[in-house]
Amino acid sequence: LIIINKSSGQVILNKGMQVPSDHDIMGLSLKQNNILINSVFNEVLYIWDYNTVGGKQEWSRTFDVSSYYHLQNNHQNLFYKDMVLVALDDKIAYLDASTGETEKEFIAADVEEIVVFNLVGLINERLTFIIEDIDYEYITIDLDDNSRILSRGEFESYDPNMSAIINNCFFEIQPMGYIASHCFDEKDGGVEMAWSVDLDWIPNYLGILNNNLILLDKYNNLIVELDSKSGKEKSTFPLLWDSIQSVINNNHVILQSDRKLYVITI
């Protein structure tokens, strides 16, 4: 576990961890002075909690999971008040953030597997996630009311994800060019599709600017601003060099090519 001061470059902490080297690291989650590390080995999910001040391990837990977890590139735990929310195959475990002990569980009938569970679905006290039960469905629960189900219904998608959120709508961004907007009902958290588009290029999601989606079209070497209310192309920004990495800061897109670092203002 290495922690570096981003202003000075000074190494603050460099300490070995107990996570075995043959584990697949699924993702990291930060909460104040603690970092939670998710790893998977032989269909067992491990959660390791380390204090970032001294590097001490506070607690660890293990859970049986399916092979689905091996497909997650950046599996994140969610934090709500003093709890860590962990999505397992067919339930959600609520862990005490300071001890790792299970406080309670959410189990819904007829849930075969939770397939999408991330920060995009957490709005105030409501949590929306996507499950598979023959077809895909969404479930919205109230975290303050003993995880009461507020809304549940069909979710139209062939490979669901929750990639970004703007105001009261979240977006699916598929690697083959399909993008859809799904909006929440403010009363019960119900979800309905607002629009969908099929692009003829592969979108690489960069972030959100001016309440619109910013995408990178690597094939045509363009930055594309997509209107979040309609899915229509709003503006394009040609690039001089092929981008290797990119990040958004304020109204700027910072890109790196193999030789240059340059900025596009949107």
Side-chain angles (χ1 to χ4, degrees), residues 27 29 71-76 78 115-124 126-130 136-140 151 153-186 189-257 260-266:
S29 307
L71 304 176
Q72 306 305 299
N73 295 323
N74 188 23
H75 180 75
Q76 298 285 307
L78 300 186
V115 295
V116 180
F117 181 89
N118 59 34
L119 188 59
V120 172
L122 181 59
I123 302 178
N124 299 322
R126 292 179 178 176
L127 175 63
T128 299
F129 51 96
I130 300 172
Y136 293 117
E137 298 180 29
Y138 74 88
I139 297 178
T140 299
S151 184
E154 181 181 353
F155 189 82
E156 299 179 22
S157 178
Y158 60 88
D159 185 18
N161 67 67
M162 300 171 74
S163 300
I165 187 164
I166 299 176
N167 298 325
N168 213 37
C169 301
F170 70 87
F171 301 86
E172 282 188 278
I173 303 175
Q174 302 289 354
M176 297 310 295
Y178 174 81
I179 300 180
S181 170
H182 305 269
C183 296
F184 293 106
D185 185 297
E186 293 184 0
V191 175
E192 288 191 5
M193 182 183 290
W195 54 260
S196 66
V197 295
D198 282 297
L199 306 176
D200 58 1
W201 46 275
I202 297 174
N204 295 270
Y205 173 66
L206 299 183
I208 296 168
L209 282 178
N210 306 317
N211 280 338
N212 291 313
L213 297 172
I214 307 300
L215 308 170
L216 175 63
D217 177 358
K218 285 190 174 182
Y219 182 79
N220 296 302
N221 209 25
L222 295 171
I223 290 178
V224 179
E225 183 179 17
L226 212 66
D227 191 310
S228 64
K229 295 181 179 179
S230 66
K232 295 181 179 180
E233 187 177 290
K234 193 170 184 180
S235 53
T236 60
F237 303 85
L239 302 178
L240 295 176
W241 304 280
D242 292 340
S243 172
I244 298 174
Q245 297 186 49
S246 57
V247 66
I248 287 182
N249 184 16
N250 296 327
N251 65 328
H252 305 296
V253 181
I254 305 170
L255 303 110
Q256 178 186 344
S257 69
K260 297 181 181 293
L261 186 68
Y262 56 103
V263 175
I264 300 292
T265 300
I266 295 180

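Nothing fancy with the numbering, it's 1 onward along the sequence.
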Using modelled atom types and a 3.5 Å cut-off, is there a donor and acceptor pairing between side-chain atoms of T140 and backbone atoms of G189? yes

Counting distance only, does the side-chain N/O of D227 pair as donor-acceptor with the main-chain N or O of K229 below 3.5 Å? yes

So, does W195 use its side chain to make a donor-acceptor pair with the main chain of H182 at under 3.5 Å? no

T236 and I223: CA distance, side-chain angles, deciding distance, side-chain contact (heavy atoms from CB on, under 4.5 Å) verdict: CA-CA 6 Å; T236 60; I223 290 178; over 6 Å; no

If we ignore hydrogens and angles and just use 3.5 Å, is the side chain of N124 paired with the main-chain N or O of R126 as donor and acceptor? no

Where N168 and E186 come nearest, the two heavy atoms and their spacing: ND2-CG, 3.5 Å

Between the OG atom in S163 and the CG atom in L213, the distance rounded to the nearest 0.5 Å is 9.5 Å

Determine the minimum heavy-atom distance between I179 and L199, stating which atoms define it. CD1-CD1, 3.7 Å

Within the side chain of N212, is there an N or O that forms a donor-acceptor pair under 3.5 Å with the backbone of S228? yes

How long is the gap from OH on Y138 to CE on M162, to the nearest 0.5 Å? 11.5 Å

To the nearest 0.5 Å, what is the distance between CD1 (I165) and OG1 (T128)? 8.5 Å

Show your reasoning for whether side-chain contact (heavy atoms from CB on, under 4.5 Å) applies to N251 and T265. CA-CA 6 Å; N251 65 328; T265 300; 3.6 Å; yes

On a heavy-atom basis, which atom in I244 and which in S257 lie closest, and how many Å separate them? CD1-C, 3.5 Å

So E172 and S181, do their side chains get closer than 4.5 Å, heavy atoms only? no

Counting distance only, does the side-chain N/O of N204 pair as donor-acceptor with the main-chain N or O of L216 below 3.5 Å? yes

Does any part of the side chain of L226, heavy atoms only, come nearer than 4.5 Å to the side chain of K232, both counted from C-beta? no

Is a side-chain donor or acceptor of D217 paired with a backbone partner of Y219 at a separation under 3.5 angstrom? yes

Kindly indicate whether the side chain of E225, heavy atoms from C-beta on, has any atom under 4.5 Å from the side chain of L215. no

Quick check: does any side chain N or O of N211 sit under 3.5 Å from a backbone N or O of I166, one acting as donor and the other as acceptor? no

Name all residues meeting the side chain to side chain contact (heavy atoms under 4.5 Å, CB included) criterion together with M176; count only those two or more places apart in sequence or in a different chain, and write none if there are none. none

So, for Y178 and Y158, is the gap between ring centers shorter than 6.0 Å? yes

For the residue pair S151 and D185, establish whether any side-chain heavy-atom pair is separated by less than 4.5 Å. no

Within-4.5 Å side-chain heavy-atom neighbours: L222 and F237: no

Report, as yes or no, whether the 6.0 Å neighbourhood of atom CD on Q256 holds more than 12 heavy atoms from other residues, nucleotides or ligands. yes

Are any side-chain N or O atoms of E233 and backbone N or O atoms of V224, one a donor and one an acceptor, separated by less than 3.5 Å? no

Please report the shortest heavy-atom distance between S157 and Q174, naming the atom on each side. OG-NE2, 4.0 Å

When rounded to the nearest 0.5 angstrom, what is the spacing between CG in D198 and OG in S196? 6.5 Å

Once rounded to the nearest 0.5 Å, what's the spacing between atom CE of M193 and atom SG of C169? 12.0 Å

The reported gap from CZ in F129 to CD1 in I139 (rounded to nearest 0.5 angstrom) is 4.5 Å

side-chain contact (heavy atoms from CB on, under 4.5 Å) assessment of F117 paired with I130: CA-CA 7 Å; F117 181 89; I130 300 172; over 6 Å; no

Are any of the side-chain heavy atoms of V191 and F170 separated by less than 4.5 Å? yes

Validation row: L255, I264 side chains within 4.5 angstrom (heavy atoms): yes

Exercise: identify the closest heavy-atom pair between A164 and Y205: CB-OH, 3.3 Å

ring-ring contact (aromatic ring centres under 6.0 Å, His included) involving W241 - partner list, sequence neighbours excluded: Y262

Is the closest side-chain heavy-atom distance between N161 and V120 below 4.5 Å? no

